[in-house]
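All remarks here apply to the structure that follows.
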Amino acid sequence: MNDLSPHTPIVQENQDFILLDNHWKIKKNDISAVFITKLATYKRYPITAGVIFILIAASCSSLICGLLGIVCILSSFFMKAKYVLRIKINTGEIRPLVSTNKGELETIRKEIEKAVMSNSTDFFKPVSKEE
């Protein structure tokens, strides 16, 4: 059971780790890149099936196949693109989040980059020389 409220942030940071969506614990020093890519939607499959159904309906004068073909073609226009948050780490790549909302993933990406950059700037603080 999840005890977190819906207002719990997706990205929580510690001194050394980032906790992403309460499932992924990633060490900040291991993260080398964070980016978002678009998954393929494969709209061509329902369109192809719809065209085949319409051709069958035309050759057999079947109303049901014609309606099914139209439904297949229309369903392809309602398919939404999916976006994936990809994090490259030392041991490979993880894909912790998938969403149809690209803006949401962009804010998460910015939060992760800000957490990683704050960790790296703490590590490379300039040392003042006292004379």
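In what follows, every heavy atom counts, from backbone to side chain, and hydrogens, waters and symmetry copies are set aside.
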Trace of the side-chain contact (heavy atoms from CB on, under 4.5 Å) decision for Ile54 with Ile73:
CA-CA 10 Å; Ile54 289 175; Ile73 291 173; 3.8 Å; yes
Between Glu106 and Lys110, is there a salt bridge with N-O shorter than 4.0 Å?
no
Under 4.5 Å between side-chain heavy atoms, counting indirect links through other Ile/Leu/Val/Met/Phe/Trp/Tyr residues: same cluster for Ile26 and Val84 or not?
no
For Leu39, does the CG atom sit with more than 12 other heavy atoms under 6.0 Å from it, leaving out its own atoms?
yes
Taking atom CD1 of Ile31 and atom CD1 of Ile87, what is their separation to the nearest 0.5 Å?
5.5 Å
Residues sharing Tyr45's hydrophobic cluster, by side-chain heavy-atom contacts under 4.5 Å among ILVMFWY, directly or via others?
Tyr42
Tell me the side-chain hydrogen bond (donor to acceptor under 3.5 Å, both in side chains) pairs involving residues 76-96, sequence neighbours left out?
Asp30-Asn90, Arg86-Glu93, Glu93-Arg95
Non-hydrogen atoms of Cys65 and Phe53 that approach each other most closely:
O-CB, 3.4 Å
Working note: Val116 + Val34, criterion side-chain contact (heavy atoms from CB on, under 4.5 Å); need CA distance, chi angles, decisive distance, verdict.
CA-CA 10 Å; Val116 170; Val34 181; 5.8 Å; no
What is the distance from atom CD1 of Ile56 to atom OG of Ser61, rounded to the nearest 0.5 Å?
12.5 Å
Are Ile47 and Leu68 connected in the hydrophobic side-chain network, where two residues link if heavy atoms are under 4.5 Å apart?
no
